[in-house]
Protein chains: 2
Amino acid sequence: MPFESDEYSKRALDFVERLQRLKTYDEICKHILKELAQFGFNYLTSFSIPQAGQSFKDCMWFNNRPQDYIERYSSQNYVLKDPVVTELRKNLNPYSWSDVRRTRELKKSEVNIIDEAREWGSRDGMMLQIVTNSGLVSCFCPCGLGPDLSPRARTALEVIAIYSHHALRRALVQNQRDDVVHIPLTPREREIMQWVAVGKTDDEIGEILLIASTTVTQHVENAKRKLDALRRTYAVVQAIRFGEISL
Amino acid sequence: MPFESDEYSKRALDFVERLQRLKTYDEICKHILKELAQFGFNYLTSFSIPQAGQSFKDCMWFNNRPQDYIERYSSQNYVLKDPVVTELRKNLNPYSWSDVRRTRELKKSEVNIIDEAREWGSRDGMMLQIVTNSGLVSCFCPCGLGPDLSPRARTALEVIAIYSHHALRRALVQNQRDDVVHIPLTPREREIMQWVAVGKTDDEIGEILLIASTTVTQHVENAKRKLDALRRTYAVVQAIRFGEISL
DNA sequence: GCGAAAATCCTAAGAAACTAGGATGGACTT
DNA sequence: AAGTCCATCCTAGTTTCTTAGGATTTTCGC
């Protein structure tokens with residue numbers, strides 16, 4: 001199963017080059033799965049982390065794990081308890097399920113969730129996070145019975161994950177995102193929203209920029225309208241998402 | 001100058017493998033510059049996009065462009081006017097300075113800013129955005145007199161940019177970021193902050209979760225304290241930054 | 001020079017958020 | 001059994017935000 005060292009480098013970039021020529025969602029999926037199979041991954045789940053009010057299923061880019069497993073996982077609300085998932089919040093870097101078992105002290109109920117996956121054909125897997133330009137956090141999770149998780153395989157997987165995610169997203173979201181036309185903010189509106197994002201009040205912003213606080217309010221209201229937001233918390237989130245301000 | 005096709009793939013992953021063994025900031029910079037020189041890039045600027053109140057210079061990961069050019073750029077407030085920079089907000093993907101000239105209708109004053117760079121040794125360059133887990137948007141900007149900007153070079157550059165950025169960040173920020181201990185939110189606090197982030201009022205959240213609005217207020221206040229925020233706009237930004245909620 | 005867009009300033013009432021106090025019950029740990 | 005953390009509920013006074021009206025000046029492209 002394991003390749004020679006050089007083999008990994010070559011494979012990964014060959015994969016990327018071929019991937020970039022594919023257009024349709026189905027072609028892209030097939031290409032990704034074929035590549036992952038070479039590493040011993042039978043399954044792949046790729047999803048963006050759902051917002052409040054969104055269901056897990058609506059946020060899937062791709063999934064080929066057994067449907068009844070997903071149903072079970074979803075109905076038991078495992079996504080809030082699974083240590084492999086909660087680790088996402090703590091760990092910047094790619095990690096494997098076995099890394100989590102080794103490095104964290106888990107409750108019995110948590111270990112059970114990981115063990116349960118075996119009954120559906122997965123003993124170990126990788127978790128790779130991708131953060132897109134718009135701040136959307138996505139997770140690329142290949143798994144299988146006996147995947148290759150060597151350091152060199154992980155480096156190659158990281159490249160594969162980034163490009164696979166972009167390709168899936170390109171195929172699935174391109175049109176959808178173009179629909180969401182967003183009215184651009186003016187420079188002053190942007191400037192003021194940056195101060196709003198760090199928690200300044202309109203009075204404080206007025207003092208900082210040497211303008212009346214009513215003017216600040218005015219700019220914020222204009223920005224809210226352009227960002228399609230009723231409260232400034234959401235306006236800030238939207239401004240980040242649209243790239244008007246950054247974190 | 002241009003390599004054979006296969007050469008790009010091999011170079012890029014060789015670069016990554018060698019980069020991962022380097023520890024110090026200076027070693028890493030030297031390695032990156034050497035690699036970029038192979039593509040015809042003499043200069044590199046790498047920075048995170050400054051928040052309100054932060055200066056451009058504090059957000060630099062690396063820069064070797066002439067100091068007087070940076071001073072001029074900074075004092076003229078070019079960062080708000082430079083079309084190559086404003087394009088960052090619109091364009092998800094890597095692009096070159098010449099792409100911007102070709103695809104956008106620019107004012108004379110905007111073209112001047114790009115042209116001015118020639119006097120300091122850069123005729124063209126690439127802009128590559130990297131968004132980290134914590135939502136920080138960074139920009140990796142190599143430039144030079146006659147860089148190789150062929151499609152295959154761009155693919156390789158994307159890999160180089162991602163890993164270079166991570167390496168620089170690892171070397172510069174590791175300790176700094178560990179200082180910023182953040183008190184984790186409870187599941188309920190997280191859940192409520194997600195609703196705050198989409199602009200719901202406490203009354204509305206109370207109705208959704210079937211609890212009293214005063215309880216919602218209480219949870220938000222606890223979350224604000226843990227996130228070190230005085231207003232909920234900033235609390236939302238912090239929660240995103242710490243990975244407690246996602247966009 | 002004209003028109004459009006941007007930036008500036010204002011009032012006033014009602015809604016929402018912030019602050020500073022509380023209190024109770026349940027789950028889990030030691 | 002005691003202690004800790006979490007989730008739930010409450011009041012009341014203060015500040016900030018939201019909304020719905022205005023108006024004037026500046027800037028920039030044509």
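Chain letters run A, B, ... following the sequence lines, proteins first, then strands; residues in each count from 1. For clarity, every value in this text was computed on a predicted model and none was experimentally measured.
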Please identify each residue that fulfils side-chain contact (heavy atoms from CB on, under 4.5 Å) with B:A235, with sequence neighbours left out.
-> B:M193, B:K224, B:L227, B:A229

Atom-pair distance (NE2 on A:H219; C1' on C:dC9), nearest Å | 10 Å

Take the C1' atoms of the five end pairs on each side of the helix from C:dG1-D:dC30 to C:dT30-D:dA1, get both axes, and report the angle to 10 degrees.
-> 70°

Can you check each nucleotide of nucleotides 14-25 of chain C against protein heavy atoms at under 4.0 Å and return B for base, S for sugar-phosphate only, - for none, in 5' to 3' order?
-> --SSSB-BB---

Under 3.5 Å, which donor-acceptor pairs do the side chains of residues 210-219 of chain A form with other protein atoms, sequence neighbours left out?
from, atom 1, to, atom 2, distance (Å)
A:S213, OG, A:D203, OD1, 3.3
A:T217, OG1, A:D202, OD2, 3.0
A:T217, OG1, A:S213, O, 3.0

With sequence neighbours excluded, residues passing salt bridge (Lys or Arg N to Asp or Glu O under 4.0 Å) with A:E204 = none

State which residues pass ring-ring contact (aromatic ring centres under 6.0 Å, His included) with A:Y69; sequence neighbours excluded, sorted by chain then number.
-> A:Y73, A:W120

Span of DNA chain D engaged by chain B, first through last nucleotide within the 4.0 Å heavy-atom cut-off, is D:dC6 to D:dG29

Respond yes when some side-chain nitrogen or oxygen of A:T214 is under 4.0 Å from OP1 or OP2 of C:dC9, and no when none is.
-> no

Residue whose nearest DNA chain D nucleotide is more 5′ - B:I211 or B:P184 = B:P184

So do B:P147 and B:F39 actually touch side chain to side chain, heavy atoms under 4.5 Å?
-> no

Report the distance from atom CG of B:N64 to atom OG1 of B:T45, rounding to the nearest 0.5 Å.
-> 7.0 Å

Starting from the C-alpha separation in whole Å, work towards a yes-or-no answer on side-chain contact (heavy atoms from CB on, under 4.5 Å) for B:L44 and B:C141.
-> CA-CA 6 Å; B:L44 170 66; B:C141 317; 5.5 Å; no

Could you tell me whether the side chain of A:D124 and the main chain of A:S98 form a donor-acceptor pair under 3.5 Å?
-> yes

Residue closer to the 5' end of DNA chain C, A:K226 versus A:L210 (nearest nucleotide) | A:K226

Report the residues that fulfil salt bridge (Lys or Arg N to Asp or Glu O under 4.0 Å) with A:E244, sequence neighbours left out, ordered by chain and then residue number.
-> A:R190, B:R89

Residues in side-chain contact (heavy atoms from CB on, under 4.5 Å) with B:R104, at least two apart?
-> B:P83, B:T86, B:E87, B:K90, B:V100, B:L106, B:E110

Salt bridge (Lys or Arg N to Asp or Glu O under 4.0 Å) with A:R101: which residues, sequence neighbours excluded?
-> A:D115

A:I240/A:V236 under side-chain contact (heavy atoms from CB on, under 4.5 Å): CA gap, chis, key distance, verdict | CA-CA 6 Å; A:I240 292 168; A:V236 166; 4.0 Å; yes

Dump the pairs, protein N or O against N or O of nucleotides 28-30 of chain C, anything under 3.5 Å, distances to one decimal.
none

Listed by chain and number, what are the salt bridge (Lys or Arg N to Asp or Glu O under 4.0 Å) partners of B:R154, not counting sequence neighbours?
-> B:D99

Spacing between A:L209 atom CG and C:dC9 atom C1', to the nearest angstrom = 15 Å

Answer with base, sugar-phosphate or nothing: what part of the nucleic acid does B:T186 contact at a heavy-atom distance below 4.0 Å?
-> sugar-phosphate

